[in-house]
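Letters go in sequence order (proteins before strands), and every chain restarts at 1. Note that the structure is predicted; figures quoted are calculated from it, not measured.
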Number of protein chains: 2
Amino acid sequence: MRTIKDIAKLADVSRTTVSRVLNDSGYVSEKSRKKVLDVIEETGYVPSQHAKSLRTKETKIIGVILPKISTDTSSRTVDGMNEVFGEKGYQILLTSTNLDKVKEIEHLRLLQNRQVDGIVLLATNTDEDLIREIQDSKVPVVVIGQEVPHDSGIPSVVFDDYGAAVKLMEALIGSGRRKIGYVGVEAADQAVGVLRKRAYLDVMERHGLESGAPSVQTGDFSIESGYEAASRMFSDGTGDIDAIFAATDRMGIGVWKYLREAGISVPGQVAVVGIGSSETSRFIEPAMTTVEYEFEAAGRAGAEILLSILNGFDNGPDKKILDFKLISRDSL
Amino acid sequence: MRTIKDIAKLADVSRTTVSRVLNDSGYVSEKSRKKVLDVIEETGYVPSQHAKSLRTKETKIIGVILPKISTDTSSRTVDGMNEVFGEKGYQILLTSTNLDKVKEIEHLRLLQNRQVDGIVLLATNTDEDLIREIQDSKVPVVVIGQEVPHDSGIPSVVFDDYGAAVKLMEALIGSGRRKIGYVGVEAADQAVGVLRKRAYLDVMERHGLESGAPSVQTGDFSIESGYEAASRMFSDGTGDIDAIFAATDRMGIGVWKYLREAGISVPGQVAVVGIGSSETSRFIEPAMTTVEYEFEAAGRAGAEILLSILNGFDNGPDKKILDFKLISRDSL
DNA sequence: ACTATATATGGAATCGATTCCCTATTTTAT
DNA sequence: ATAAAATAGGGAATCGATTCCATATATAGT
């Protein structure tokens, strides 16, 4: 492995001069610059990032913490981040918690040890411990996907979950549905578990509709859990439902599957809507009405916020709320 | 930021001793060890990875080059890799070429500059330039997804694309289909573009069946391109086709969509099969017959090969061929 | 012609760890 | 009791860059 010292010797200049050429800093004559550049070209020399980082305290690496890599949400968000980070010469160090809440904090620490320049966290919860850990972080952290307490000082990017859910509910009610069931997820997840459900309950109440126990079910994001949630709705209270609002597309697909198998016509007897605009939701029949979130945009926004912090433009804790788009299809 | 020097001073020992405690090396008395550990606990000290890597030449980081992050194939493979790398304390530095072939080489270089310990490349081609660049690499590289020349000395993990395609074709023919069309991708992609097509052509020939021009089409992996390929098949030669083998599920879904819209019954008039076992393929109607590749396993296998090389067990260039599973559903 | 100032370059300290080598003290073996 | 081996711990070199400071020369300003 060649070092700057070797290059200096070969080019017959000092290490200082080589470093100057490398970084376009200070004064270097054309002659010296050429000599150095030639030697670099010949030798295929590449400076050591570690030595560099050791001095400059910059790594050009951003740590990203995901709940799981292979989900539509995660990978599209990372794609978006990568776009803007890549442009600025940053690379992404990926870690996955595999849905283990404890690991979120663990990885937060691990990444700081790696001395990344910043961290993006695709959060699944907003527990106090987590918030505290973020606040204690030595490097800037941006949270994507979860509402953080407004006084926490933590920048974040979220989708308008409440608004999206309201819009979907209004659409359901606008089409004459009254006995609407809900399939959600546990409350630890603010964005998906709490906000969307609250929208459902609020709209139901506003219209004086009842949202009793059997018509409100909880799943775990999987298609299967949607299927089972639907089956519970119909085995219990039974039949007295004319629409189901699933908090995510995947659970919605589970619901749809159950309905199909149970011989319940969609949307004739029961309408189904979801959130997420997954590929599958487009191709089932009837195609599912859903809400489109542009995850790539969320990734980009998160990256941009982090970058602006890194560049010292720390104009207060940004909170960016991303818009959504209602995709009306045939399941409603 | 605290350094080992601060800790040494606070614990009233030398940096050497602190380092020994940190790395469990050399002789350290229980007393000293406790003092050091206590100070570390109190201060929340974390050693600098850069300083460490500078000396040890180890980063515990693996570079991963993907064609695109947000695809099922990529993200599942990364998930698998992450599983085994994570266990061994390695982290993943992600880069995406966004399907730009030139960038594959560029990123290969970039990652070496980052002095990653190893590189995993999800390849989309096997051009000479790329192979040469890999061979010149200072750090070990494992290729996933593409057959590399057997004499290149490059370890790789591939799926049995030819075998899978043959099996699918035999199933088609076994069900009585004779006029089988093919929707593939360009030949730069060995695995998908060449191998699967060759299997198609071989099987057709073996059975004395004709595979003329209009019934062999090329797409670009997208659903839309599958749709268009199908439409070309039927506008040209027209009608004289009783099955379509799509090289990927997504293109297969495009084909299915076209058939549906054109009022051609599936599988009554035309059967459709794909490769990949995507989620959507399961839920369309009729559900699509396809081949399941376990991408997570490919990721794991790639990671294991790389790890064994890093540990000095360099038992020749491994080439691992992964099995597949035929998923028979209703589209055939 | 004589200061200023701009240009060019190198020496040496520095970043924060690891590790070789040396010395001192204990423990064990004979 | 004495030599050998094990245990404990520190000094200082080292990894490969950046950067402060000093010095030397060229150019410009008056």
### Query
Between B:Q190 and B:D161, is any side-chain donor less than 3.5 angstrom from a side-chain acceptor?
no
#### Entry: B:K31 side chain near D:dA8 phosphate (N/O to OP1/OP2, under 4.0 Å)
no
## Note on the structure
Here the pair of heavy atoms bringing A:E58 nearest to A:S53 is O-OG, 3.0 Å
### Query
So which nucleotide from D:dT19, C:dG10, D:dG10 ends up closest to the side chain of B:T17?
D:dG10
### Summary
Picking from D:dT18, D:dA17, D:dA8, the nucleotide nearest the side-chain atoms of B:Y27 would be D:dA8
### Out of C:dC15, D:dC21, C:dC20, whichever nucleotide has its closest atom nearest the side chain of A:R55
C:dC15
### Message
Strictly below 4.0 Å: does B:S14 bring a side-chain N or O up to OP1 or OP2 of D:dG10?
### Response
yes
### Message
Taking any heavy-atom pair under 4.0 Å as a contact, classify A:V13: base, sugar-phosphate, or nothing.
### Response
sugar-phosphate
### Query
Given atom CZ of B:R20 and atom C1' of D:dA6, what is their separation to the nearest angstrom?
14 Å
### Task
Report which part of the nucleic acid A:K5 touches: base, sugar-phosphate, or nothing (heavy-atom distance under 4.0 Å, all strands).
nothing
### Task
Write down the distance between NE2 (A:H50) and C1' (D:dT18), rounded to a whole number of angstrom.
16 Å
### Message
Rounding to an integer number of Å, can you tell me how far A:K35 NZ sits from C:dT9 C1'?
### Response
11 Å
### Query
Nearest of D:dA17, C:dT18, C:dA17 to any side-chain atom of A:I4?
D:dA17
### Message
The side chain of B:P47 is closest to which nucleotide in this list: D:dT19, D:dG16, C:dA17?
### Response
C:dA17
### Query
Think A:S19 has a side-chain N or O under 4.0 angstrom from the OP1 or OP2 of D:dT19?
no
### Task
Assign B:S53 to base, sugar-phosphate, or nothing according to its heavy-atom contacts below 4.0 angstrom with the strands shown.
nothing
### Query
Going by distance alone, is a donor N or O of one side chain under 3.5 Å from an acceptor N or O of the other, for A:T59 and A:D117?
yes
### Query
Within the side chain of A:T97, is there an N or O that forms a donor-acceptor pair under 3.5 Å with the backbone of A:K68?
no
### Task
Let me know the distance between CZ of B:R15 and P of C:dC15, rounded to the nearest Å.
11 Å
### Task
Quickly work out the A:I7 CD1 to C:dG10 C1' distance and round it to whole Å.
18 Å
#### Entry: Short side-chain N/O contact to D:dC15 OP1/OP2 from B:K52, under 4.0 Å
no
### Query
Are A:S29 and C:dT9 close enough that a side-chain N or O sits under 4.0 Å from OP1 or OP2?
yes
### Query
How is A:S32 classified with respect to the nucleic acid when contacts are heavy atoms under 4.0 Å: base, sugar-phosphate, or nothing?
sugar-phosphate
## Note on the structure
Rounded to whole Å, CD of A:Q49 lies from C1' of D:dT18 at a distance of 13 Å
### Task
Whole angstrom is fine here: how far is it from CZ in B:R33 over to P in D:dT7?
13 Å
### Summary
Quick note, B:T16 side chain, CB onward, closest among D:dA12, C:dT9, C:dT18 is D:dA12
#### Entry: Separation of D:dT18 P from A:D24 CG (nearest whole Å)
12 Å
### Message
Check A:K320 with A:E304, please: is the shortest side-chain N to carboxylate O separation under 4.0 Å?
### Response
no
### Message
I'd like to know if the side chain of B:Q91 pairs up with that of B:N82 as donor and acceptor (distance under 3.5 Å, no hydrogens or angles considered).
### Response
no
## Note on the structure
Comparing nearest nucleotides in DNA chain D, the 5'-proximal residue of the pair A:A51, B:V28 is B:V28
